[in-house]
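The structure under discussion appears below in the form of structure tokens.
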2 protein chains.
Amino acid sequence: MKNKKVYLSIFFLEKIAPLSSELKQFFQSNITTHIYKKGTVLNESGQLCDSLYFIKKGMIRGYHVIEAKEITTWISIDNELVTSITGFFKNENARETMQTLEDTAVEYISYDNLQKALALFPEMNQIFTALLIEYYIHAENRTLLSRIPSAKGRFHYFLETGNKFLLNRTPHKYLASMLNIRPETFSRILKDFNRED
Amino acid sequence: MKNKKVYLSIFFLEKIAPLSSELKQFFQSNITTHIYKKGTVLNESGQLCDSLYFIKKGMIRGYHVIEAKEITTWISIDNELVTSITGFFKNENARETMQTLEDTAVEYISYDNLQKALALFPEMNQIFTALLIEYYIHAENRTLLSRIPSAKGRFHYFLETGNKFLLNRTPHKYLASMLNIRPETFSRILKDFNRED
DNA sequence: CAATTTCCTTGACATTTGTCAAGATATACC
DNA sequence: GGTATATCTTGACAAATGTCAAGGAAATTG
């Protein structure tokens with residue numbers, strides 16, 4: 001008798017709204033798992049991103065290339081959903097590149113299967129909407145953060161909005177990029193911060 | 001015989017997906033119109049924002065107050081939907097303030113009525129999702145813009161992404177704030193830009 | 001349309017942050 | 001585990017942008 005796999009992403013979705021057993025069964029049959037080595041590019045800017053990933057364990061960043069420089073716009077870790085949102089949800093080519101910053105175990109579902117789920121299971125629409133709102137809020141927070149005038153201000157806002165633990169887990173150059181600060185300046189701000197505190 | 005009012009917002013929604021005549025009728029009965037004087041605050045940070053506005057004609061900005069300074073995060077004009085998204089969609093207190101920058105005619109619908117529409121008319125969910133995705137993309141664009149390192153770079157990205165016409169319509173101090181530039185610097189960059197071009 | 005207020009521009013200067021270079025740490029790889 | 005590579009730190013300096021102040025332009029108000 002075959003063992004049923006346990007998918008963390010299903011638990012994750014259940015916390016948003018209850019899933020019918022049919023929908024759970026659907027996920028059970030359509031989720032794929034994979035482990036990516038640190039540094040792997042999941043999806044390149046300009047390619048179609050047709051997967052929605054759930055990070056079981058690990059870290060992924062999204063970045064854009066502007067004026068020949070990488071600009072990191074988000075970093076996600078364990079128990080978060082990630083995709084190249086603009087590309088995935090409109091089923092168009094992604095504008096950002098996604099890359100793992102640690103060895104990363106993911107569960108994922110394809111665009112087509114997600115659309116199927118939306119068509120077949122009414123409760124899926126509810127979940128999908130809730131997720132979009134959640135993601136919108138993240139985007140709004142990032143927007144606000146990056147408009148704080150001083151580098152120090154952005155750094156502290158970043159810490160105060162629940163990201164402090166990333167200091168010990170993410171290479172600082174990516175945090176610096178996300179905060180629109182040069183690594184050298186980041187290092188200096190961090191020194192001051194550790195001194196005060 | 002009573003004249004049926006013509007609501008631009010209904011045309012706006014029809015462009016996203018077809019509306020059943022029942023849904024159109026529902027909007028017909030539940031849309032309110034209003035004209036706000038320039039400078040009016042529609043919804044203050046910390047208050048519940050329970051309306052989704054469609055700008056018939058005019059201009060509205062959203063801003064946050066951080067470190068005692070106003071930070072404008074978006075500016076919308078004719079034929080756009082606006083609300084304090086985070087607040088409205090989660091039915092929580094808004095974190096931003098919305099203010100008209102011109103005399104502004106709006107059509108709006110309440111949170112409760114929007115929820116009713118979502119419950120009663122399946123096609124409304126489709127529209128709602130499409131709108132959320134559209135708004136997400138806007139937010140992502142703003143995020144990217146504000147992470148461009150140089151003030152000049154942000155200014156040019158702003159122009160190149162279809163906002164040039166705002167130069168002649170929006171007081172520059174708000175554009176400057178949205179681009180995270182001081183008004184004095186904005187003025188200097190603009191002078192250079194006009195010289196070159 | 002005159003008066004008042006707000007907004008924009010310009011100059012001089014201060015401050016922050018970026019740049020470059022070198023050495024120190026940490027991490028990855030054979 | 002030792003070597004190679006990447007990352008972080010620090011200093012000296014340069015460049016970009018912010019700040020302050022004053023005058024001019026534009027818009028608003030009575």
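Computed from a predicted model, the values in this text were never measured in an experiment.
B/Thr143 and A/Thr143 share a donor-acceptor pair across their side chains, judged by distance under 3.5 Å alone.
OP1 or OP2 of D/dT17 has not a single side-chain nitrogen or oxygen of B/Thr185 nearer than 4.0 Å. Phosphate proximity of C/dT19 to A/Arg182: present, with a side-chain N or O under 4.0 Å from OP1 or OP2. When the side-chain nitrogen and oxygen atoms of B/Lys191 are compared with OP1 and OP2 of C/dT10, one or more of them lie within a distance under 4.0 Å.
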A/Phe12 vs A/Tyr7, test: ring-ring contact (aromatic ring centres under 6.0 Å, His included). Steps then yes/no.
CA-CA 9 Å; A/Phe12 177 83; A/Tyr7 291 115; over 10 Å; no
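Between the side chain of A/Arg188 and the base of D/dG11 there is at least one donor-acceptor pair of N/O atoms closer than 3.5 Å. In terms of polar N and O atoms assigned as donor or acceptor, the side chain of B/Glu184 comes within less than 3.5 Å of the base of D/dC20 in a complementary pairing.
Two residues, B/Lys152 and A/Pro171, neighbour DNA chain D, and the one matched to the more 5' nucleotide by heavy-atom proximity is A/Pro171. Heavy-atom distances to DNA chain C give each of B/Pro183 and A/Ser150 a nearest nucleotide, and the one nearer the 5′ end belongs to B/Pro183. Nearer the 5' end of DNA chain D, as judged by each residue's closest nucleotide, is the contact made by A/Lys173, out of A/Lys173 and B/Asn180.
Ion pairing between a basic and an acidic side chain is recognised when a charged N comes within 4.0 Å of a carboxylate O; B/Lys37 and B/Asp103 show such pairing. Between B/Glu70 and B/Arg61, at least one side-chain N (NZ, or NE/NH1/NH2) sits under 4.0 Å from a carboxylate O, which counts as a salt bridge.
Look at OH on B/Tyr174: it is 9 Å from P on C/dC8, rounded to the nearest Å. Rounded to whole Å, atom C1' of D/dT9 lies 13 Å from atom CG of A/Asn194. Straight-line distance from the CZ atom of A/Arg147 to the C1' atom of D/dT17: 18 Å, rounded to whole Å. Residue A/Ile189 contributes atom CD1, which lies 15 Å from atom C1' of D/dT10 at whole-angstrom precision. Rounded to a whole Å, the CZ atom of B/Phe186 is 17 Å from the C1' atom of D/dA16. One interatomic measurement links the two molecules: CG of A/Leu101 to C1' of D/dT7, which rounds to 13 Å at whole-angstrom precision. Rounded to whole Å, atom P of C/dT27 lies 15 Å from atom CG of A/Asp103. The CG-P distance, from B/Leu190 to D/dA25, rounds to 17 Å in whole Å.
Counted within 6.0 Å of CD on A/Glu80, heavy atoms from surrounding residues, nucleotides or ligands total more than 12; the atom is thus considered enclosed.
Residue contacts for A/Lys38: at a heavy-atom cut-off of 4.0 Å it reaches the sugar-phosphate backbone alone, with no base atom in range.
Distance from the side chain of A/Ser187 is smallest to D/dT10 among D/dT10, D/dT19, C/dC8. Among C/dG18, D/dT7, C/dC7, the nucleotide with an atom closest to any side-chain atom of A/Ile181 is C/dG18.
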